[in-house]
Peer 1: 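Sharing a structure below in structure tokens format, with a few things to ask.
Throughout, protein chains are lettered first and strands after them, A, B, ... in sequence-line order, and every chain is numbered starting at 1.
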Protein chains: 2
Amino acid sequence: MPDDQAPRRSRDPEHTRRAILDAAIAEFAEKGFAAARVDDIAARTSTTKRMIYYYFQSKERLFAAVLEEIYGGMRDAERALAPDVLPPAEAMRRLVEATFDHHAAHPEFVRLVSVENILEAKNVAASPAIRGRNAAVIGTLSAVLARGEREGVFRPGIDPLDLHMLISGFCFYRVSNRHTLGAIFGRDLREAEVAAAHRRMAVEMVLRYLAPVSSAK
Amino acid sequence: MPDDQAPRRSRDPEHTRRAILDAAIAEFAEKGFAAARVDDIAARTSTTKRMIYYYFQSKERLFAAVLEEIYGGMRDAERALAPDVLPPAEAMRRLVEATFDHHAAHPEFVRLVSVENILEAKNVAASPAIRGRNAAVIGTLSAVLARGEREGVFRPGIDPLDLHMLISGFCFYRVSNRHTLGAIFGRDLREAEVAAAHRRMAVEMVLRYLAPVSSAK
DNA sequence: CATGGTTTGTACTCGCTGGTCCGTACAGGC
DNA sequence: GCCTGTACGGACCAGCGAGTACAAACCATG
């Protein structure tokens, strides 16, 4: 067998494909789809533009592959969650925190989803894999919600998808709009203290929204 | 004076400039910056590409002018708010509703801000007008917040900018990510019923977040 | 009705960029 | 050693698209 440690250079399709994909993630996340340059993606790798077309056929398909890849990364984030053993409020807190952390740790993901929205989600719409994977989140949320309702710690009548949007909205927005917010209000949202405060905020906002007490109308 | 009713065609700089700006707003909002075509902007007007360069010098400056314009549109939305006469909770509700309505009614605004974020807000950063205008929102929020706190209907210690992000985040996200959300979950967020429910949600979320009762930790 | 500045139109340039042509090198089966 | 398919590379091309050269109208003056 060849040595695994040393970089077995050429003739490694897996490695080449992966390298192109990583370079494409960085390039598309930085510049968006139209402004991204295939030549620049090639320059980020140790291979050539020809290889990009060899493995991915076109710039569009490459971008579609990038989306599949980063949406796939969310699956891992979800799986790390403690499932049904925790009390509902605690499970919900962890869900919110995991969502927050994933967005904060992966600004490329956020940017690429923004880019895809400007493209009107034509790639996501064409990918059953992405659609299915994400729709699963709703199931998890729904289960926790139902359990919490049964135990009387959450109020009834909450739509899981609406709740998902409430959670993701804040987590997404503070990353996607980091630059305009930073320019307008002069606060760097990447600072650790700000991020920690927002993380607590997100949890509190959700738990208060779900609380059964009908104090706020 | 010339007739105001009939279309006084050429030799109308104001009208020409305005027409170009409107066309540019539509084009940039639809396609983003890099994918937008100056020729297509010209085609959306009754004038020519030459005029775009005559009035705006370059594609970049045209985009900067577009941003100034749409951010300016927010000022009008704010002014319609009842100021300090209402009770704090009611004032806050109106603020949230106005924010929600503005985003829902102006998807171009949302898209253009998304595009600007992909450009890392370099245009907003270079425009003191935009920065100043928007920072003013915080003042309004801050005042309502302080009054509510004094009257005991809001809890203390809420940062106005954080609150602004909480409100805008949801309103922005459901428009900016309309397409991916629609593709993944199969729900059209433009439907009147869904929008109405989300509007109520936004208000409730904010009021619950601000409520002094310390039921949720 | 000259005159000069402003507004508008046409036809062009020219660099850039997605995509391809044609060829080489490598590995394994026989 | 030969042969076939897979992995790779560099040079090239064609069309697109931002920006401009060159005027021609137009309008307000004197």
Peer 1: Give me each pair satisfying salt bridge (Lys or Arg N to Asp or Glu O under 4.0 Å) with a member in residues 160-178 of chain B, each pair once, sequence neighbours excluded.
Peer 2: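 Qualifying pairs: A/R187-B/D162.
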Peer 1: With sequence neighbours excluded, tell me which residues meet side chain to side chain contact (heavy atoms under 4.5 Å, CB included) with A/H106.
Peer 2: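 Side chain to side chain contact (heavy atoms under 4.5 Å, CB included) list for A/H106, sorted by chain: A/H102, A/E108, A/F109.
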Peer 1: Tell me whether the side-chain N/O atoms of B/Y54 come closer than 4.0 Å to OP1 or OP2 in C/dG9.
Peer 2: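 No, no such contact exists.
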Peer 1: Given C/dT8, is OP1 or OP2 found less than 4.0 Å from the side-chain N or O atoms of B/T16?
Peer 2: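 So the side-chain polar atoms of B/T16 do come within 4.0 Å of the phosphate oxygens OP1 or OP2 of C/dT8, strictly under.
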Peer 1: Return the value, rounded to whole Å, for the distance between atom CZ of A/F56 and atom P of C/dG19.
Peer 2: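 From A/F56 CZ to C/dG19 P: 14 Å.
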Peer 1: Return each pair, listed once, that meets salt bridge (Lys or Arg N to Asp or Glu O under 4.0 Å) where at least one residue sits in residues 109-131 of chain B; pairs must be two or more places apart or across chains.
Peer 2: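 Checked against salt bridge (Lys or Arg N to Asp or Glu O under 4.0 Å) - neighbours excluded - the pairs reaching residues 109-131 of chain B are B/E60-B/K122.
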Peer 1: With sequence neighbours left out, write down each residue that passes salt bridge (charged side-chain N to carboxylate O under 4.0 Å, His left out) with B/R61, or none if nothing qualifies.
Peer 2: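 With sequence neighbours excluded, B/R61 shows a salt bridge (charged side-chain N to carboxylate O under 4.0 Å, His left out) to no residue whatsoever.
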Peer 1: Can you list, in residue-number order, the parts of residues 36-45 of chain B that come under 4.0 Å of DNA chain D, counting heavy atoms only?
Peer 2: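 Those residues are B/A36, B/R37, B/V38, B/D39.
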Peer 1: Could you pull out all residues at least two apart from A/F154 that satisfy ring pair (Phe, Tyr, Trp, His ring centres under 6.0 Å)?
Peer 2: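 Partners of A/F154 under the ring pair (Phe, Tyr, Trp, His ring centres under 6.0 Å) test: none.
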Peer 1: Going by the rule salt bridge (charged side-chain N to carboxylate O under 4.0 Å, His left out), which residues pair with A/R190 if we only count those two or more places apart in sequence or in a different chain?
Peer 2: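 For A/R190 the salt bridge (charged side-chain N to carboxylate O under 4.0 Å, His left out) partners, ignoring immediate neighbours, are A/D188.
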Peer 1: Can you pull every protein N or O that's under 3.5 Å from an N or O on nucleotides 22-25 of chain C?
Peer 2:
| residue | atom | partner | partner atom | Å |
| --- | --- | --- | --- | --- |
| C/dA25 | N3 | A/R11 | NH2 | 3.3 |

Peer 1: Among pairs that include at least one residue of residues 115-145 of chain B, which meet ring pair (Phe, Tyr, Trp, His ring centres under 6.0 Å), considering only residues two or more places apart or in two chains?
Peer 2: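 Applying ring pair (Phe, Tyr, Trp, His ring centres under 6.0 Å) to every pair that reaches into residues 115-145 of chain B, excluding sequence neighbours, yields nothing.
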Peer 1: Does a side-chain N-to-carboxylate-O contact under 4.0 Å join B/E14 and B/R18?
Peer 2: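 Here B/E14 does not pair with B/R18 in a salt bridge, since their nearest N and O are not under 4.0 Å apart.
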Peer 1: Between D/dG10 atom P and A/M51 atom CE, what is the distance in whole Å?
Peer 2: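 After rounding, the reported distance stands at 10 Å.
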Peer 1: Within the pair B/T47 and C/dG9, is there a side-chain N or O less than 4.0 Å away from OP1 or OP2?
Peer 2: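 B/T47 to C/dG9 OP1/OP2: side-chain N or O found under 4.0 Å.
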Peer 1: So, under a plain 3.5 Å distance rule, would you say the side chain of B/K59 forms a donor-acceptor pair with the base of D/dG19?
Peer 2: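 No pair found.
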Peer 1: Once ring pair (Phe, Tyr, Trp, His ring centres under 6.0 Å) is applied, what residue pairs with a partner in residues 42-62 of chain A remain, sequence neighbours excluded?
Peer 2: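 Listed once each, the pairs would be none.
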Peer 1: Which side chain to side chain donor-acceptor pair (under 3.5 Å) pairs, counting each pair once, include a residue from residues 25-37 of chain B, with sequence neighbours left out?
Peer 2: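 Side chain to side chain donor-acceptor pair (under 3.5 Å) check on residues 25-37 of chain B returns B/E27-B/K31, B/E27-B/R44, B/E30-B/R44, B/K31-B/D40.
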Peer 1: Does anything in residues 116-125 of chain B come within less than 4.0 Å of DNA chain D? Heavy atoms only, and list the residues if so.
Peer 2: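 Those residues: none at all.
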Peer 1: If you compare all heavy atoms of B/F185 against all heavy atoms of A/N134, which two are closest, and at what distance to 0.1 Å?
Peer 2: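 Smallest interatomic distance, heavy atoms only, reads CE2-O, 3.7 Å.
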Peer 1: Does the C/dG19 base have a donor-acceptor partner in the side chain of A/K49 within less than 3.5 Å?
Peer 2: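 Yes, the side chain and the base share a sub-3.5 Å donor-acceptor pair.
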